[in-house]
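Below, all heavy atoms of this structure are taken into account, side chains as well, without hydrogens, waters or symmetry copies. One is the number of the first residue; the rest follow in order along the sequence.
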Amino acid sequence: MGMDVNLTGYTGVRERKADNRKDRAAETQRAAESQTPEERRKAYEDMGIHAERFTVDISPDSQEFMSHVAERKAAQAAEQAKLEAENPWSPFDYRGDLSKNEPTQYLVFSKFLYDKGVFRDMDVEQAGKMEDTLKKITSGMDSIRGVSGAGRWDNSMSHEAAKLDLISSVNALNYFADTYVPEGARDAFKDLVREYESYNSKIVANHKNSMDLYSESMKDISAPNATGVSADVRQAQERTKAYQQIGRVTHTDEEEKWLKEDYQALFDKLMKKEDSAKNIFDSLQNLLVNYASGGSKNNMVLDLLNANNAGSMNRMFQYWSDLF
């Protein structure tokens, strides 16, 4: 099994070309963080800073506010503990520096290939190109991790596109394994792909973008139907009705199963090169939009859904083009 990937200190094969001053700065930071409280206090005192010389008076109102903050933090910690218990540790939990808004799941596969000697036996440019492909394949799933507004750095991908992206990226990773990973490491690499699928399926199940949320919020509101209005207002009314129609679409588990099977059949054709990537991705987008619209023929509904998913479809098309 390939689940023992340790990303400690690993930044990817391209990053190893970075200026070693960054390494020295990081080492200095780690040394500072490893100091005990007493050592840090002594360091401050050596600089003429004495903690006991400072006092702060806190008002009763502020004390009450701080107590509520503490309660909220305790509740958040309990919720986090519950989530961790429900979702066992995965190497794909690693998220790096959230302030950088960068993909990180590719590092699990990159580190695995580095440890197996696959990347170490290549020059940096060759290994870097393979790593870049892994980054593109997994970046869609990276973009929707975290609670909205607190770690999630891209809300553009719709719920339906996220479901397709997971199927697409799993197929792409397996294709990558069959094409580029040496036979001796291939099975363990595919074990990681299965872990990737399991980890991200939970995220996809709960993901919604702004259009998904807006459509759902509008579905139970009375449809606008003002008469004698301007063309612009009339178009806005039709647009609102289209959002409402999208929000009312529901599917059975069996329909969901059929959709996934249809997606997989198209990816099988893609990997066997039985049709062009463009034709297959046109078919994938048509499937997605037809499913998300509930089979609607309303042009406004179809236009909204096509526009909402065009960016995600193009990104998937691009990384498959890189693989070929």
Has Lys273 got its NZ or CZ under 6.0 Å from the middle of the six-membered ring of Phe324, at an angle within 45 degrees of the ring axis?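 Geometry flag: set, cation within 6.0 Å and 45°.
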Identify whether NZ of Lys or CZ of Arg in Lys135 sits under 6.0 Å from the centre of the six-membered ring of Tyr106 and within 45° of that ring's axis.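 Ring-cation test returns yes.
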Please report the shortest heavy-atom distance between [X] and [Y], naming the atom on each side.
X	Y	result
Val108	Pro91	CG2-O, 3.5 Å
Leu266	Leu287	CD1-CD1, 3.6 Å
Phe112	Ala185	CZ-O, 3.5 Å
Asn209	His207	N-NE2, 4.0 Å
Ser158	Asn308	CB-ND2, 3.5 Å
Gln126	Asp123	N-OD1, 2.7 Å

Just to verify, what does Thr179 make a side-chain contact (heavy atoms from CB on, under 4.5 Å) with, not counting sequence neighbours?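 Checked Thr179 against side-chain contact (heavy atoms from CB on, under 4.5 Å); matches are Tyr175.
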Atom pair [atom1] ([X]) and [atom2] ([Y]), whose distance is rounded to the nearest 0.5 Å:
X	Y	atom1	atom2	value
Ile246	Met300	CD1	CE	10.0 Å
Asp212	His159	CG	NE2	7.5 Å
Leu113	Phe119	CG	CZ	4.5 Å
Asp142	Gln105	CG	CD	4.5 Å

Pair Met271-Trp320, side-chain contact (heavy atoms from CB on, under 4.5 Å): steps then yes or no: CA-CA 9 Å; Met271 290 183 285; Trp320 275 103; 3.8 Å; yes
For a salt bridge (Lys or Arg N to Asp or Glu O under 4.0 Å) check, start with the C-alpha distance between Lys257 and Glu261, then their side-chain angles and the critical distance, and finish with the verdict. CA-CA 6 Å; Lys257 178 175 175 288; Glu261 289 174 355; 2.8 Å; yes
Quick one: do the [X] and [Y] side chains pair a donor with an acceptor below 3.5 Å?
X	Y	value
Tyr291	Glu256	yes
Gln264	Asp268	yes
Ser312	Asn309	no
Gln245	Ser296	yes
Tyr196	Ser169	yes
Asp303	Asn299	no

Report yes or no: do Phe267 and Trp258 belong to one cluster of Ile/Leu/Val/Met/Phe/Trp/Tyr joined by side chain heavy-atom distances under 4.5 Å?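 In one cluster with Phe267: Trp258, no.
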Count I, L, V, M, F, W, Y as connected when their side-chain heavy atoms are under 4.5 Å apart, and connections chain through other members. Are Val301 and Ile221 then in the same cluster?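 The answer is yes; both residues are in one hydrophobic cluster.
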Is the side chain of Asn174 donor-acceptor paired with the backbone N or O of Val170 at a distance under 3.5 Å, no angle test?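 Yes.
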Ser139 (side chain) donor-acceptor with Lys136 (main chain) under 3.5 angstrom: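 It does hold such a pair.
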What's the verdict on side-chain contact (heavy atoms from CB on, under 4.5 Å) for Ser293 and Val249, showing C-alpha distance, side-chain angles and the deciding distance? CA-CA 7 Å; Ser293 71; Val249 173; 5.6 Å; no
Could you go through Glu160 and Lys163, starting from their C-alpha distance and side-chain angles, then the distance that decides it, and tell me whether this counts as salt bridge (Lys or Arg N to Asp or Glu O under 4.0 Å)? CA-CA 5 Å; Glu160 292 302 331; Lys163 291 191 296 186; 2.9 Å; yes
Please assess Gln244 against Ser215 for the test side-chain contact (heavy atoms from CB on, under 4.5 Å), listing each intermediate value before the final yes or no. CA-CA 6 Å; Gln244 291 176 319; Ser215 298; over 6 Å; no
For Thr138, which residues count as a side-chain hydrogen bond (donor to acceptor under 3.5 Å, both in side chains) partner, sequence neighbours excluded?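 If we apply the side-chain hydrogen bond (donor to acceptor under 3.5 Å, both in side chains) test to Thr138, skipping adjacent residues, there are no hits.
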Quick one: which of Val181, Leu323, Leu134 gives a side chain to side chain contact (heavy atoms under 4.5 Å, CB included) with Leu173?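 That would be Leu134; it is the only one of Val181, Leu323, Leu134 passing the side chain to side chain contact (heavy atoms under 4.5 Å, CB included) with Leu173.
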Between [X] and [Y], is there a side-chain N and carboxylate O pair less than 4.0 Å apart?
X	Y	answer
Asp165	Arg315	yes
Asp187	Lys190	no
Asp115	Lys111	yes
Glu238	Lys241	yes

Between Phe109 and Phe92, is the ring centroid distance below 6.0 Å?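 Ring centres of Phe92 and Phe109 closer than 6.0 Å.
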What do the steps show when you test Arg194 against Asp191 for salt bridge (Lys or Arg N to Asp or Glu O under 4.0 Å), and what is the final call? CA-CA 5 Å; Arg194 282 187 282 274; Asp191 285 339; 2.5 Å; yes
Report the C-alpha separation of Met141 and Ile203 in whole Å, then their side-chain angles, then the decisive distance to 0.1 Å, and conclude whether the side-chain contact (heavy atoms from CB on, under 4.5 Å) test is met. CA-CA 8 Å; Met141 290 297 100; Ile203 296 167; over 6 Å; no
